[in-house]
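Inspection log for the structure reproduced underneath, given as structure tokens.
Residue numbers count from 1 along this sequence. On a predicted model such as this, the values are computed, not experimentally measured, just so you know.
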Amino acid sequence: MATYSSDSDNDLTPTSKLLGRQRPIHSVLGGGKVADILLWRDKRSSGAILIAVAVMWFLFEVVDYTFVTLLCHVSITTMLIVFIWSAGADIFGW
């Protein structure tokens, strides 16, 4: 049976961390925005990155979409949006 003394209650012992770490994981990862995203402290950014990676995996692996085709479609869509924006600005006098 263990015996407890009141003398040991006053000692300040450092708390042991998982796997014997001395610093928190957040500071090991740099303590900035990247650490927040990797540790899911910034849930919106972490979720957006997870969804973007999942969509890219689906396009490239499941659908067999190629990067060049994706780049061309993004380029064409961007040119269309810029054309419509400039035409609308000219019509409405922006």
Side-chain angles (χ1 to χ4, degrees):
M1 180 168 195
T3 59
Y4 299 103
S5 70
S6 62
D7 293 337
S8 65
D9 293 339
N10 295 332
D11 294 338
L12 296 175
T13 59
T15 59
S16 63
K17 295 187 179 182
L18 184 64
L19 301 174
R21 292 179 288 113
Q22 299 296 321
R23 299 186 321 180
I25 293 178
H26 191 264
S27 67
V28 170
L29 293 174
K33 182 77 171 166
V34 174
D36 289 342
I37 291 172
L38 289 175
L39 295 174
W40 284 81
R41 290 186 179 178
D42 186 3
K43 293 188 187 331
R44 288 186 186 262
S45 296
S46 299
I49 290 172
L50 180 68
I51 289 172
V53 169
V55 167
M56 287 173 42
W57 171 81
F58 181 77
L59 284 175
F60 293 137
E61 291 294 325
V62 177
V63 183
D64 287 333
Y65 211 61
T66 61
F67 181 71
V68 174
T69 306
L70 178 67
L71 191 65
C72 289
H73 283 126
V74 168
S75 169
I76 291 170
T77 305
T78 303
M79 286 189 291
L80 178 67
I81 290 171
V82 168
F83 173 74
I84 291 172
W85 186 273
S86 65
D90 189 37
I91 290 172
F92 294 115
W94 293 340

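- Under the 3.5 Å distance criterion, the side-chain polar atoms of Ser75 are left unmatched by any main-chain donor or acceptor of Leu71.
- Linking Ile, Leu, Val, Met, Phe, Trp and Tyr residues whenever their side-chain heavy atoms come within less than 4.5 Å leaves Leu38 and Val28 in two separate clusters.
- Minimum interatomic distance between Ala35 and Leu29 (heavy atoms only, all atoms of both residues): CB-CB, 3.7 Å.
- Under a hydrophobic clustering in which Ile, Leu, Val, Met, Phe, Trp and Tyr are joined whenever their side-chain heavy atoms come within less than 4.5 Å, directly or via other members, Trp57 and Val63 fall into the same cluster.
- Taking the six-membered ring for Trp and thresholds of 30 and 60 degrees, Phe67 and Phe60 have ring planes inclined between 30 and 60 degrees apart.
- Taking hydrophobic clusters as Ile, Leu, Val, Met, Phe, Trp and Tyr residues chained together by side-chain heavy-atom distances below 4.5 Å, Val62 does not share a cluster with Val55.
- Separating the OG1 atom in Thr69 from the CG atom in Asp64 is a distance of 11.0 Å, to the nearest 0.5 Å.
- The structure places NE2 of His26 at 6.0 Å from CG of Leu39, a figure rounded to the nearest 0.5 Å.
- Following chains of ILVMFWY side-chain contacts shorter than 4.5 Å, one can reach Val34 starting from Ile25, so the two form part of one hydrophobic cluster.
- A chain of hydrophobic side-chain contacts below 4.5 Å, direct or via other Ile, Leu, Val, Met, Phe, Trp or Tyr residues, connects Leu59 to Ile51.
- Heavy-atom contacts from other residues, nucleotides or ligands closer than 6.0 Å to CH2 of Trp40 number more than 12.
- The CG atom of Asp36 sits 11.0 Å away from the NZ atom of Lys43 when rounded to the nearest 0.5 Å.
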